[in-house]
Amino acid sequence: MARKVGIFGAGWVGLVTGVCFAELGHDVVIRDVVPEKVEVLRRGEVPFHEEDVPELLERNRDRLTFTLDPQDVAGCEFLFVCVDTPPTYSGDADLSRVWTVVDELPELSGNPIVVMKSTVPVGTGEKVRHGLDARGLAHVGYVSNPEFLAEGHAVRDFMHPDRIVIGAFDPADADEVASLYESLEAQIVRCDVNSAEMIKLAANAFLMTRISFINEIANVCEATGADVVKVAEGIGLDHRLGPHFLRAGIGYGGSCFPKDSLALKQLASNSGYHFQLLSAVIEVNELQKRRVIGKLKRHLGSLRGKRVALLGLAFKPNTDDMREAPSIVLASRLLAEGAEVRAWDPVADGSVLPRGVEIAPSVARAVEEADAAVIVTEWPELATLARPEIRDAMANPLIVDGRNLLDPARARAQGFLYEGIGRPVSPTDVLAETPERDPELEA
Ligand SMILES: NC(=O)c1ccc[n+]([C@@H]2O[C@H](COP(=O)([O-])OP(=O)(O)OC[C@H]3O[C@@H](n4cnc5c(N)ncnc54)[C@H](O)[C@@H]3O)[C@@H](O)[C@H]2O)c1
């Protein structure tokens with residue numbers, strides 16, 4: 001049955017939710033506060049890079065309305081909150097946009113349900129419930145329905161979810177929200193609101209733990225001569241462990257993991273508990289991004305005046321999202337070391353990188369006369385980086401593969417010096433000249 005769905009926020013979560021619900025046959029009104037975004041959407045364009053969203057938007061235009069006016073959601077049966085919840089200075093989630101939505105809700109007749117899709121700390125639902133009651137909206141239901149989509153294949157994740165989590169104060173509200181998804185084949189986990197909020201935070205924390213775990217294993221592999229790619233394969237085939245999130249690299253970034261890990265750590269410490277494991281996961285990730293600098297120095301000595309190409313800037317492939325992308329940290333560190341940085345990405349806007357970084361229009365231009373090329377994001381376009389014309393264009397054919405995208409043997413056979421993450425270093429990968437001594441390396 002077609003239902004009327006209102007959505008606050010036309011970002012990754014709000015827009016994907018909106019076009020997918022429209023595809024499922026529901027009538028959707030999406031409200032945002034940024035006029036340019038609403039204008040673009042009304043023209044039928046998508047303000048960010050996400051597979052399948054343009055097609056779904058086009059196909060379902062008659063079931064989708066975009067607006068700046070919160071009054072336009074007045075007739076909706078469901079009011080999804082999909083606004084951003086960035087970290088505050090202390091690491092707590094900033095819920096100010098969530099509260100603005102509660103304040104801006106129009107007069108609502110019938111028994112609509114506010115559905116929280118934004119990632120929020122445990123206890124938020126109870127506070128919003130009180131807030132709604134205080135606004136005279138006791139007849140409005142409240143459900144926590146956290147979102148697990150991953151950018152890059154968000155539509156696929158929405159349409160084929162591993163599970164749908166529905167936490168409610170009133171089982172009837174949970175039934176209503178579940179009915180919205182009835183045409184999807186998915187297991188529904190019903191629970192209380194606090195548990196639904198914790199499921200989202202804990203799932204993200206566990207994924208990050210796996211990433212930091214395999215990165216630490218990679219670092220030990222480097223010290224001992226093992227190959228983390230084989231190690232991960234061997235671990236991942238164990239049915240108790242599974243293969244996912246065991247890819248060593250230069251650490252996680254993005255709009256969710258960094259902020260959600262901080263929010264959970266803060267949530268625990270605000271409740272009097274020191275979440276030691278999560279603190280270590282966060283610290284390992286920070287250090288991991290910086291290990292690339294050590295690898296470059298090992299080959300080049302001091303980086304002052306050296307030209308480094310950063311290849312791939314978005315926090316992961318198939319998105320243009322630069323939020324908390326490791327490329328930002330790397331670019332800053334390289335500039336601080338005195339290196340010249342040229343950066344390339346097929347879709348992401350590199351203008352958020354620190355001043356002084358040159359944005360290159362192509363891989364070929366980025367690597368021209370470069371002393372090293374660093375693969376930061378595993379865009380498919382970079383899978384063929386180790387080819388003769390790239391080698392010949394570089395001043396020094398060094399590739400530091402931050403995502404283990406390339407085959408080391410093949411890259412070396414093409415005449416490159418190659419270093420991955422957690423992979424054995426070839427004895428031939430030593431520069432003929434002894435690099436300048438760098439006191440920082442010896443500290
Ligand atoms: N991006 C992801 O991969 C992802 C995945 C799962 C969960 N989440 C969570 O979902 C939430 C949204 O994330 P996102 O990536 O879509 O954020 P986003 O920043 O891309 O989008 C948020 C949108 O909300 C709009 N907004 C702000 N205040 C508003 C208001 N009062 N009314 C209407 N719109 C308003 C903003 O203008 C923006 O367009 C966050 O809590 C995030 O942690 C994100």
Side-chain angles (χ1 to χ4, degrees), residues 6-20 28-41 46-51 53 65-73 76 79-88 92-106 114-122 124-125 128 144-158 161-165 196-197 199-205 207-208 252-264 267 314-316 318-325 352:
I7 293 179
F8 286 87
W12 257 274
V13 169
L15 187 58
V16 169
T17 302
V19 297
C20 288
V28 180
V29 180
I30 302 185
R31 190 260 172 156
D32 205 285
V33 288
V34 179
E36 300 77 39
K37 214 174 223 184
V38 171
E39 264 317 300
V40 163
L41 286 162
V46 178
F48 48 80
H49 181 88
E50 183 60 50
E51 247 172 48
V53 175
T65 310
F66 298 98
T67 183
L68 286 167
D69 187 353
Q71 294 297 328
D72 289 345
V73 303
C76 291
L79 302 153
F80 279 79
V81 183
C82 303
V83 295
D84 37 330
T85 49
T88 58
D92 293 287
D94 176 359
L95 296 179
S96 57
R97 293 157 186 80
V98 170
W99 287 113
T100 304
V101 171
V102 173
D103 290 344
E104 289 177 339
L105 286 173
V114 169
V115 188
M116 185 62 68
K117 259 203 186 295
S118 294
T119 304
V120 293
V122 180
T124 302
V128 174
S144 167
N145 174 215
E147 182 52 61
F148 298 94
L149 62 77
E151 289 175 24
H153 38 78
V155 168
R156 188 194 73 191
D157 290 348
F158 189 97
D162 293 335
R163 75 311 207 181
I164 292 167
V165 173
E197 292 165 344
I199 288 170
K200 172 66 193 174
L201 293 174
N204 272 359
L207 293 172
M208 287 177 262
Y252 58 77
S255 67
C256 290
F257 282 178
K259 84 170 171 64
D260 292 349
S261 54
L262 281 180
L264 180 53
L267 176 73
F315 85 94
K316 67 178 197 175
N318 301 322
T319 181
D320 57 353
D321 200 340
M322 285 292 290
R323 289 178 285 187
E324 299 287 334
V352 300

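Along the sequence shown, residues are numbered consecutively beginning with 1. What you are looking at is a predicted structure, and each value in this text was computed from that prediction instead of being measured. Read the numbers this way: they start at 1 and go in the same order the structure lists the ligands and their atoms.
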*Decide yes or no for E50 and L15: does some side-chain heavy atom of the first lie under 4.5 Å from some side-chain heavy atom of the second?*
no
*Protein heavy atom at shortest distance from atom 41 (O) of ligand 1*: T85 OG1, 2.6 Å
_Beyond-backbone contact of L68 with P35, side-chain heavy atoms, under 4.5 angstrom_ = yes
_Donor-acceptor side-chain pairing of T67 and D69 below 3.5 angstrom_ = no
*State, yes or no, whether a side-chain contact exists between T100 and F8 at a heavy-atom distance under 4.5 Å.*
no
*Part of L149 within contact of ligand 1 (heavy atoms, under 4.0 Å)*: both
*At under 4.0 Å between heavy atoms, which part of S118 makes contact with ligand 1: side chain, backbone, both or neither?*
both
*asked:* For atom 33 (C) of ligand 1, what is the closest protein heavy atom, and at what distance to 0.1 Å?
replied: R31 O, 3.3 Å
*asked:* Is the ring pair W12/F48 parallel, tilted or perpendicular, if the boundaries are 30 and 60 degrees?
replied: parallel
*For atom 42 (C) of ligand 1, what's the nearest protein heavy atom and its distance?*
K259 NZ, 3.8 Å
*Is W12 close to ligand 1, meaning an N/O of one under 3.5 Å from an N/O of the other?*
yes
*Protein contact of atom 10 (O) of ligand 1 - nearest heavy atom, named by residue and atom, plus distance*: V13 CG2, 3.4 Å
*If you count the atoms of ligand 1 from 1 in the order shown, which ones are under 4.0 Å from a heavy atom of V34?*
37 (O)
*asked:* Within the 4.0 Å heavy-atom shell around E104, which atoms of ligand 1 are there?
replied: 31 (N)
*Of all the atoms in ligand 1, which lie at a distance below 4.0 Å from a heavy atom belonging to K37?*
38 (C), 39 (O)
*Considering only heavy atoms from C-beta outward, does the side chain of S118 approach that of T124 to under 4.5 Å?*
no
*Taking side chain as C-beta onward, heavy atoms only, is V19 less than 4.5 Å from F158?*
no
*Heavy atoms, side chains only, cut-off 4.5 Å: are S144 and V120 in contact?*
no
*Note the single closest protein heavy atom to atom 30 (C) of ligand 1, along with its residue, its atom name and the distance in Å.*
V33 CG1, 3.6 Å
*Should the pair R31-D72 be classified as a salt bridge under the 4.0 Å nitrogen-to-oxygen rule?*
no
_Please report the interatomic distance CG(L264) to CG(N204), rounded to the nearest 0.5 Å._
9.5 Å
*So between M116, E151, R97, whose heavy atom ends up nearest atom 3 (O) of ligand 1?*
E151
*Using a strict 4.0 Å cut-off to heavy atoms of G11, name the atoms of ligand 1 that fall inside it.*
16 (O), 18 (P), 20 (O), 21 (O), 23 (C), 39 (O)
*With heavy atoms under 4.0 Å as the rule, classify the contact between C82 and ligand 1 as side chain, backbone, both or neither.*
backbone
*If you have a sec, work out which protein heavy atom is nearest atom 37 (O) of ligand 1 and how many Å separate them, to one decimal?*
D32 OD1, 2.7 Å
*Select the closest option to atom 34 (N) of ligand 1 among G9, A154, S255, judged by heavy-atom distance.*
G9
_Identity and separation of the nearest protein heavy atom to atom 12 (C) of ligand 1_ = V83 O, 3.4 Å
*What is the nearest protein non-hydrogen atom to atom 18 (P) of ligand 1, stated with its residue, atom name and distance?*
R323 NH1, 3.6 Å
_Tell me whether T319 contacts the main-chain N or O of G152 through its side chain, where contact means a donor paired with an acceptor under 3.5 Å._
no
